[in-house]
Chemist: 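One structure, pasted below without further comment.
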Amino acid sequence: MQSLGQDNVSHLPQAMMPRNDGIGLHLGWLKSLRVNPAAVHERANALPGLRRLPAEDRAQWLCRAIACMDLTTLSGDDTANRVRRLCTKARQPLRPDLAQALGQEALTVAAICVYHEMIEPARTALEGSGIPVAAVSTGFPAGLSPFHLRVAEIEESVSAGAQEIDIVISRRHVLEGNWKALYDELRTFRDACGPAHMKAILATGELGDLRNVARASLVAMMAGTDFIKTSTGKEPVNATLPVGLVMLRMIRAYHARTGFQVGMKPAGGISRAKDALTWLIMVHEELGMPWLSPALFRFGASSLLSDIEQELDRMVSGHGSVGWRHAMG
Amino acid sequence: MTEHQSDPVLRYGPAPESAADALAWLVDQGDRFGQFIGGTFTPPGDGPDSRNPATGEVLATLTQARQSDVDAALAAAHKAQDAWADLGGMGRARHLRATARTVQDNARLLSVMEVLDSGQPLRRVRDVTLPLVQRQFEYHAGLAHAMPRMFPDRTAQGICALIIGDTAPLATLAARLAPALAAGNTVVVKPCDKTTLSALLLADLCHAAGLPSGVINIITGDARVGDMLAQHEGVDMVAFEGPTDAGRSIRQLTAGHGKTVTLELDDTPPILVFDDADLDSAIEGIVDGMTRDGGIGRARLLIQESAARQTLEALRIRITRLRVGNPLDANTDIGALTDPAWRDHLAALVQRAGGQVFAPDMDLPDTGAFYPPTLISGLSPADPAMQAAFPGPVVVSDTFRTQAEAVQMANATGCGRTAMIWTEDISRALTVAPQLMASLVTLNGTTVMDPKLPVDSLRDSGTGVIGGCAGLMAYTRRTGPRDHHPGRDAQDTPARIALPTSLDAAIKAAHGAVGWRRLDGTARAQALNQVAEALLQHQTDLTQHVSAQEVQASADQIFTFAALAETRHAPPAPSRTLTLHDPLGVIGMLYSKDAKPLLSLMTALGAVLASGNCTVVALSKRGPDLCKPVARVLGEAGLPAGAVALMHADLDDLATPIAGHMGIDAIWNLSSPDLTGRIEHASAGNFKRVFTAYGPCDAEHCIQDMLTAASRIKSVHLPDLP
């Protein structure tokens, strides 16, 4: 099997790919957006059966899913030790013999995603690995704390060493159709991020319909976000394929008009290897191979890695696998 | 872009489905097939090879059927028919459900056989065709069950000839086989010689699962076999699917036989994309259409100018991502052309087309009949390519400026069956849909075939409804003795009679009466009520010709139709499909009744007008001259000029010109059976609907038949949200 060429991997977008600076707020463009729910669902429903991957290809795709993973813990009972454990797993996501058999010795996850208080232990644990720390911010998950505190939270996290900031938008701006307010909020967040890359969590499960998802995606990109992200993982409905499809199409439209490549991060509810593959195939079909890299695509996941490991183990050993055969995170 | 991003390691790889089981079945049959008659294969003889279009390999050798084979197949079907019909709806439903199960149990085998034989991509056959085939049998099992209650006065036609082309052959066969069997017919199937194997396999599997011998018979060979079958005296009904030219020839061959004929012929469906559409979804829908039915694109893409550049650019990028190749590969989007001869034909058509031709540069397999997805843009309605039926994944496109222009361009074609509209503006969608010359209009989606969705064919796309209760009707006839019919009409060259100038004028007037056709049911009812009242006022005029009772009865009849005009346009049952009853247009009527001439005439006029048609009526010179009094009644009632034109004429002279005139949309022969053969001959080339009623017209069943014959079903379909 060929290797993924891990030597060249760097998790953050490189200089040759210009960072999204954003553009002005184009209300005319927003107004012209149309999304047909039935047609989007029809396409989304066809996706799981669209492509069949032979075993050898499947292994490579699953390794890519790991390389694109933001290994996440966002619980009230997180401790420094718990985060350290996760970071060890992030450096060595596959059992060594398995990684070797797959030619993936250098494979790591894309980032570790934690609350602000856990940035420090994560940074220490990841030292020398090149794996960045991402922090959820701006009053995650509801985003309803005072605005100046939300901005300050970003600045605190960046100075604590977070290289990526996952912010939440004010859903009420979308539901009220107040695009100017949404744009200004996002622009302020983006400025506060400085060199850190911003992922805008749209909380699509709370936006009402797909057209709002499309409009919120576009406003976030206009305001200069580096990624758009589906959900906090705390909404009743998280990353669904129709929502993902609409967001990917907006990324495509934004790229076609501005030349900026914006990344995509589905989060919440993706816990099976086969679901991860469906997402990768969808990204490939809609946006093409350039987006299948950690620079432009992330999974926000906590239990997905375990299922992928078992799947890879089964492929390599030829036997079914169980969780305890793999190191816990 | 980093090196990592263009890393070529991630690929779909070939993921071919195994053909072993399908090939094993062919080997078991000796790789040679005779005819499938009475449940067994006859000894194989000489005939065409059936090839895998993706590789050119011979899959099996078929036998060219001779007249004796056709006779034998019909004899077997005839022998089985009484017992099959006598099973009753419930008994047949049991068999149809068993057939559905057989299809389900053998879905993989049937899929692979269909892929090998027709070149369609596996994914589509597996995920779309096979579930559809299964649903056809399940749905029609339900109809068979319900038939005695729903249609107590209808019975099987007898023996149906199903002549199937090479476009999606298995799905096409099932859409005819299921209703034919449900209604109590036995069938003789003639598949296209390029795509016979899936039909043979299906018949073999059904027979093994307990379907009585002789219910399905299959004869094989080229088009000559189909012709032999269609004109055979033992056939009561012909269901044909194939190219328009072939359909025309089938109609010529059967003219004057008194057989029911349904024809599903070429269609070049318009796809209207407005600038307020979800363009990404529209593009996906267009591509979905390009990759179905063995890559038969044939669609005419009409895009609003303000969205054209963006749509075409996105579409070009999208089709570049399509994967063309081995149809058995689960990752293939577009398989092989069913007929290798199409590749060069297609290349020549595209080369001649003009416009901007875009076809992505892709590696196609060296062997086999493959063609890349192709988009031809910048065409005008006058370009012949806008009308051509491209037998492959080719889409032609043009732009429009306004909604009205979109409708005009969509309807500027000789075809009419399906259409698609992409817009998020609901009032626009519901305004445009009824204006399109199509019987199935899909809003924001790709046309889907569904057993319960009736699809009619208009213009040169054929005749006859497929699907739903309306589709089942063609496979049945009214209980009781058959209409007297003169038998085969030897008159191949109709007598040349100078067209009376008044006929032309009458038809022009009828076409001018657009006001009538636009009236809704309520307005039509009001007009008809006035006609009935005018009849009663003019009793004295009319009683010179007929009795006072007959005038009264005629008025009653018209009152009834007035009521019907309203109820037939009541909103349909709650559904995501809106069913409309569209008028046919101008109906040419040949009228001669000895008994109760006024009553039958008013009944026929009532049915025609209630359904929103205009009519040109030729009243026989042999009967009383009702023209003037009736015309006076209609005029006094305020019926718009041209809605009804009455002529007192010699029907022998008028039959052929009326049947041949392109301005007449349907012909009703309400005179003598002698004229029917001549009408069928003269209208064979233009696919007009012919309706006959030789006796009195006021019987209840005749009224129902006339109402059905006076309108066509149009469905506006909204794809469901899951």
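Every chain is numbered from 1, with letters handed out A, B, ... down the list of sequences.
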Chemist: What part of B:Leu122 gets closer than 4.5 Å to chain A, counting heavy atoms only: side chain, backbone, both or neither?
Modeler: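 B:Leu122 touches chain A through side-chain heavy atoms alone.
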Chemist: Between A:Glu286, A:Arg58, A:Arg211, who has the most heavy-atom pairs with chain B when the cutoff is under 4.5 Å?
Modeler: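 Of A:Glu286, A:Arg58, A:Arg211, A:Glu286 has the most heavy-atom pairs under 4.5 Å with chain B.
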Chemist: Mind ranking B:Leu279, B:Thr446, B:Asp329, B:Asn444 by heavy-atom pairs under 4.5 Å with chain A and telling me who comes out on top?
Modeler: B:Asn444
Chemist: Contact part of A:Leu33 toward chain B, heavy-atom cut-off under 4.5 Å: side chain, backbone, both or neither?
Modeler: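 For A:Leu33, neither part sits under 4.5 Å from chain B.
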Chemist: If I measure from the heavy atoms of chain B, does A:Leu50 come under 4.5 Å with its side chain, its backbone, both, or neither?
Modeler: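 Looking at A:Leu50, backbone and side chain both touch chain B.
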Chemist: Got a sec, which residues hit side-chain hydrogen bond (donor to acceptor under 3.5 Å, both in side chains) with A:Thr225, two or more places apart in sequence or on another chain?
Modeler: none
Chemist: List in chain and number order the residues that pass side-chain hydrogen bond (donor to acceptor under 3.5 Å, both in side chains) with B:Arg123, two or more places apart in sequence or in another chain; answer none if no residue qualifies.
Modeler: B:Asp333
Chemist: Measuring heavy-atom distances to chain A, does B:Asp288 have an atom under 4.5 Å in its side chain, in its backbone, in both, or in neither?
Modeler: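 Side chain only.
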Chemist: Salt-bridged, B:Arg316 to B:Glu313, with N to O below 4.0 Å?
Modeler: no
Chemist: Establish, for the pair B:Arg428 and B:Phe274, whether the NZ or CZ atom is under 6.0 angstrom from the six-membered ring centre and no further than 45 degrees off its axis.
Modeler: yes
Chemist: Under a 4.5 Å heavy-atom cut-off, does chain B meet the side chain of A:Arg43, its backbone, both or neither?
Modeler: side chain
Chemist: For A:Arg252, which atoms come within 4.5 Å of any heavy atom of chain B: side chain, backbone, both, or neither?
Modeler: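 Looking at A:Arg252, just its side chain touches chain B.
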Chemist: Run the salt-bridge test on A:Lys274 and A:Glu311 with the 4.0 Å N-O cut-off and return the result as yes or no.
Modeler: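 Looking at A:Lys274 and A:Glu311, the cut-off is not met.
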Chemist: Parallel, tilted or perpendicular: which one describes the rings of B:Tyr12 and A:Trp61, with boundaries at 30° and 60°?
Modeler: parallel
